[in-house]
Amino acid sequence: MIQVNPIILPSWIGNKAVFQQNVPFVIEGTAAPSATITLEISKDPTDGRKVSKLDQEYGVILSLETTTSDKGRFRFEIPAYKASTDTYTFVFKCFANVISFNDIRCGDVWVFLGNDFLHVPMKNANAPKAPLKRQVMSHLRFFTPSRDGLENGEEDIAYEKKTHYKDATWIKITDTKELAEVASSAFSFAYTVADQVNYPIGVVDLSCEDSTILNWISDDVIEAQTALKDYLDELGINTDEEIYKSLVRRDREIRRENKLKTDITEGKKNLDFDLKKDQEYGEIMGEATAQQNIDAAVELDFPGSKNSSFNSAVKITEEEASSSAKTLDFNMMSNMTVKSGKKIDDSKYIKKKFRPSTLYKSKLAALEGLAIRGMCFSPEEEEQMFGRYDLLMMGLLGTLSQVFEPKEVFDDSLMPSFLFVCMHPSCVDKEFPYKVIEFNEDVRAFMGRLNMPSGMISLHDLLLPDKTKTFTLGVRLALIALGNHITPKMPKSCPECIGAQKAGNKLILEFDNLTDGLRLAEGQTELKGFAICGEDRIYLPAQARILHGVRVMVWRDDIAEPVSVTYGFTPFPHAATFKNLNDLPVMPFRFDRAPSYYVPDLFFASCDNLEFVGKKEWDAPFEMLKVYRNFKGNGVIYADTLNKSEGNGSLHIRYETENSLYGFEPNLEYASLMGPIIIRGKTKILVDVFNPDTVKKELRVSGFGVAEIKQSLNWQTLEINWAGEGDIVLDSLKFSIADSQRNGEIYIDNIRFL
């Protein structure tokens, strides 16, 4: 009986697949050795219209034939085709073996990989309320291999790279069960792009929870990029085959220990003792278990950037800052020891998300040869602690160029793009709160040096928990994808400040990626989030105004010579909400990196809002928090938009005194304020007051002093000196109204420090 070798093809080609338009691509595979293999591609209209047999655009449009090598390898070169809604059929034949793939489309192929907001599946997210168009939905295709890279009962990722998936297939909208597992950002991205271009969009959804950029970089690229290899060696996380396999053995030990513990516990509950398991677990517990060794081990810290402005903020010495592995607290890797104190040969355990190449081996490698339009990547929160993230980015891009086509581009319009999702404020580290901002800054600088289409998306304006956030991310990514590849009318990235001109005591800022211009956030009447500094490099909140929809003017009356400017440069930028007309938020920035004291969050000072978005505790989610509260007497605090001295509104307070006093204060104990609030270079507080009762009153401010409130129906500015020495330091700020009347009312506005 003659054995016929099966035809083995790349995993990315199959029923319902999408292949990249306008790019020639190659299909490589194996079949019977030294045999003739053919490929026939046919094309049929999907609208049901009749086509003449003489029409060369339809029917069989390509027939290829080749002879396999003595090892059965073959290669077909496919010419470029234009995007269309028509359906393609690919038929491969070798002896009696026939493989036919149907319902294939030509359009754009995108790859999603990374963590955080890109990995949330449809089943765990909510779509916006806007109805979806059936015609657009028919253009969408998704290819989603196993999330963690493990298929068909696999427990560990092998050291050898996977060349083919075992159970990954392309799906479309009618595959509702499988669609629930597709990342919601990938779905909204594909839908938004398809709605604009009106042709098929395919997304290869590789995103994986609890992964880092290290997992995606191939071993070959690490070896080829010497600086990257040296950096990973310095951190102690580079793995050869022996180290990798020892880590896998440790993983198995941990699983075995945990399973034994669970089985024994359940057995005791059910009076079903398994002496063999109990003995095995007892022998393990005679030493430290693998899991205990990891949990109790000495942590290896991560290096910080030597030039980081935050090193000085936390008083890290230059020697410490340049140390390879002694600066930052980062539970990435630990020494494993037994209770006897003897070191094991393979003594270092590396968490799975910090092992290089694991997801490359299990997910990326099998896609080699796939031609794509672009890639979207989202980092994991602990990636901010890498001191040389630029090296990791180079490694990732090197790996992606190794895997995906086209590798050589003779037409710039066909160059694949790289779209990056900025780290969200929810990733702020308590010990290094500004590190997230610096991370996004460094990535932005790196992206600016790329010679390929690129863009960045920020979600800093979306702080509150919201299951539609991932859909919003997909839409934003789609907008800049369109700008990079389809139309110059769309932005190529979130708007960024690209220059500043000085005009008297004002700074005029220019931005790119505006398309139709800038706008205030919905419900806002004033532009907030800006700060400027003078020669003293102490930033203070500034006024700002949009000029003709394309520039922003920033100033502060008490700074005659502004030196620099920031926008949203705080770990929790709840006031940074203005956007371009495509609804993309302007990226937070600082105009220079000179050593400075950045403005604290004086959220209460404008007296415009009674709530703001923040965190009560460091580990708590973002929520709407009350800005002010009563601490003496009773009072109802309103936001009045009509009677005000400046801004959007003022505080209108109707109160009932207690022992002739009423007191209110801003809530300064919230974790996201990173208190105490320190105001440098100022010696007094100014408060605008309106006294509608025209009754004799006093304003008392804790830490400052007392000022008389005049009996007049006009706004008056009260000025009270700081009673302490040095900088103004606020753990609390209590305002008391002394009023001999039982009831009264007062307007408070425009609190500032001078």
Side-chain angles (χ1 to χ4, degrees), residues 10-12 111-115 118-119 145-151 154-166 168 204-252 300 302 330 332-334 346 348-370 372 375-380 382-383 385-386 388-404 407 418:
S11 294
W12 47 263
V111 176
F112 274 47
L113 68 162
N115 199 334
L118 289 190
H119 81 263
S146 167
R147 285 285 174 207
D148 57 7
L150 301 174
E151 299 179 289
E154 294 174 339
E155 292 187 330
D156 300 292
I157 294 174
Y159 181 77
E160 298 73 22
K161 67 181 182 182
K162 184 181 294 184
T163 58
H164 292 80
Y165 299 117
K166 298 176 181 179
V204 179
D205 177 17
L206 304 179
S207 52
C208 178
E209 186 177 11
D210 205 27
S211 65
T212 68
I213 190 171
L214 285 164
N215 301 142
W216 303 100
I217 304 174
S218 76
D219 292 329
D220 293 340
V221 167
I222 292 173
E223 287 297 320
Q225 295 185 7
T226 305
L228 173 59
K229 183 179 184 301
D230 290 346
Y231 179 56
L232 297 184
D233 286 339
E234 188 179 14
L235 296 178
I237 57 175
N238 209 359
T239 56
D240 57 19
E241 184 172 2
E242 181 180 355
I243 293 174
Y244 186 88
K245 289 183 176 179
S246 72
L247 292 170
V248 171
R249 286 196 297 271
R250 291 282 173 239
D251 294 337
R252 291 171 182 166
L300 180 67
F302 239 119
F330 189 32
M332 175 194 66
M333 176 176 163
S334 48
D346 51 346
K348 290 181 177 178
Y349 184 88
I350 306 172
K351 289 182 180 180
K352 291 182 180 180
K353 68 178 177 180
F354 298 114
R355 296 177 192 173
S357 303
T358 54
L359 293 178
Y360 164 76
K361 291 181 173 76
S362 61
K363 300 185 77 168
L364 266 181
L367 295 171
E368 192 165 341
L370 174 65
I372 63 170
M375 303 150 285
C376 300
F377 180 79
S378 177
E380 198 261 355
E382 288 185 283
E383 291 179 33
M385 306 311 287
F386 284 100
R388 292 301 309 273
Y389 198 72
D390 56 333
L391 296 178
L392 301 180
M393 291 278 284
M394 289 172 63
L396 174 64
L397 290 173
T399 301
L400 295 174
S401 65
Q402 180 187 67
V403 172
F404 298 112
K407 291 182 174 60
F418 184 70

Exercise. To the nearest 0.5 Å, tell me how far Leu232 CG sits from Leu392 CG.
Key: 6.5 Å
Quiz item: Is any side-chain heavy atom of Leu206 less than 4.5 Å from a side-chain heavy atom of Leu364?
Solution: yes
Practice problem: For the pair Lys166 (side chain) and Glu151 (backbone), establish whether a donor and an acceptor sit closer than 3.5 Å, ignoring hydrogens and angles. | Solution: no
Quiz item: What closest approach, in Å, do Gly236 and Ile350 show between heavy atoms, and which atom pair accounts for it?
Solution: O-CD1, 4.0 Å
Quiz item: Does the pair Leu370 and Val403 meet the rule for a side-chain contact (heavy atoms from CB on, under 4.5 Å), with working shown?
Solution: CA-CA 7 Å; Leu370 174 65; Val403 172; over 6 Å; no
Quiz item: Judged by atom type as modelled, is there a donor-acceptor pair below 3.5 Å linking the side chain of Ser378 to the main-chain atoms of Leu118?
Solution: no
Practice problem: Carefully, step by step, assess Tyr389 and Glu383 under the rule side chain to side chain donor-acceptor pair (under 3.5 Å). | Solution: CA-CA 8 Å; Tyr389 198 72; Glu383 291 179 33; 2.4 Å; yes
Practice problem: Spell out, as yes or no, whether a donor-acceptor pair under 3.5 Å connects the side chain of Lys363 to the backbone of Arg147. | Solution: yes
Practice problem: Check ring pair (Phe, Tyr, Trp, His ring centres under 6.0 Å) between Tyr360 and all other residues, then give those that pass, not counting sequence neighbours. | Solution: none
Quiz item: Ion pair present between Lys352 and Asp210, side-chain N to carboxylate O less than 4.0 angstrom?
Solution: no
Quiz prompt | Asp233: salt bridge (Lys or Arg N to Asp or Glu O under 4.0 Å) partners, not counting sequence neighbours | solution = Lys229
Quiz item: Taking Ser207 for the side chain and Asn115 for the main chain, is one N or O donor matched with an acceptor at less than 3.5 Å?
Solution: no
Practice problem: Before giving the answer on side-chain contact (heavy atoms from CB on, under 4.5 Å), spell out for Phe386 and Leu235 the whole-Å C-alpha distance, their side-chain angles and the decisive distance to 0.1 Å. | Solution: CA-CA 10 Å; Phe386 284 100; Leu235 296 178; 4.1 Å; yes
Quiz item: If you measure from the Lys or Arg side-chain nitrogens to the Asp or Glu carboxylate oxygens, is any gap between Lys351 and Glu382 under 4.0 Å?
Solution: no
Practice problem: Enter the distance from Asp240:CG to Asp219:CG here, rounded to the nearest 0.5 Å. | Solution: 9.5 Å
Quiz item: Do side-chain atoms of Lys161 reach the backbone of Ala366 as a donor and acceptor pair under 3.5 angstrom?
Solution: no
Practice problem: Report the distance from atom CD1 of Ile237 to atom CG of Leu214, rounding to the nearest 0.5 Å. | Solution: 4.5 Å
Quiz item: Closest approach of Arg355 and Tyr349, non-hydrogen atoms and distance?
Solution: NH2-OH, 3.3 Å
Quiz item: Distance from Ser362 atom OG to Asp148 atom CG, nearest 0.5 Å?
Solution: 8.0 Å
Quiz item: Where the side chain of Thr399 meets the backbone of Ser218, is there a donor-acceptor pair that is under 3.5 Å apart?
Solution: yes
Quiz item: When rounded to the nearest 0.5 angstrom, what is the spacing between CD1 in Ile213 and CG in Leu113?
Solution: 9.0 Å
Practice problem: Return the minimal non-hydrogen interatomic distance between Phe377 and Gly114, and the atom names on each side. | Solution: CE1-CA, 3.7 Å
Quiz prompt | Stepwise salt bridge (charged side-chain N to carboxylate O under 4.0 Å, His left out) test for Arg388 and Glu234 | solution = CA-CA 11 Å; Arg388 292 301 309 273; Glu234 188 179 14; over 6 Å; no
Quiz item: Taking atom CG of Leu397 and atom CE of Met394, what is their separation to the nearest 0.5 Å?
Solution: 9.0 Å
Quiz item: Shortest non-hydrogen contact from Trp216 to Ser211?
Solution: NE1-OG, 4.0 Å
Self-check item: Leu228: which of Leu396, Leu391, Asp390 passes side-chain contact (heavy atoms from CB on, under 4.5 Å)
Solution: Leu391
Exercise. Walk me through it: do Asn238 and Ile243 pass the test side-chain contact (heavy atoms from CB on, under 4.5 Å)?
Key: CA-CA 9 Å; Asn238 209 359; Ile243 293 174; over 6 Å; no
Quiz item: Hey, does the side chain of Asn215 reach the backbone of Thr212 with a donor-acceptor pair shorter than 3.5 angstrom?
Solution: yes
Exercise. Say whether, by atom type as modelled, one donor and one acceptor occur between the side chain of Ser146 and the main chain of Leu150 under 3.5 angstrom.
Key: yes
Self-check item: Steps toward side-chain contact (heavy atoms from CB on, under 4.5 Å) verdict (Arg252, Asp156)
Solution: CA-CA 8 Å; Arg252 291 171 182 166; Asp156 300 292; 3.0 Å; yes
Exercise. For residues Phe418 and Leu400, determine if any side-chain heavy atom of one lies less than 4.5 Å from a side-chain heavy atom of the other.
Key: yes
Self-check item: Residues in ring pair (Phe, Tyr, Trp, His ring centres under 6.0 Å) contact with Tyr244, at least two apart in sequence or another chain
Solution: Tyr159
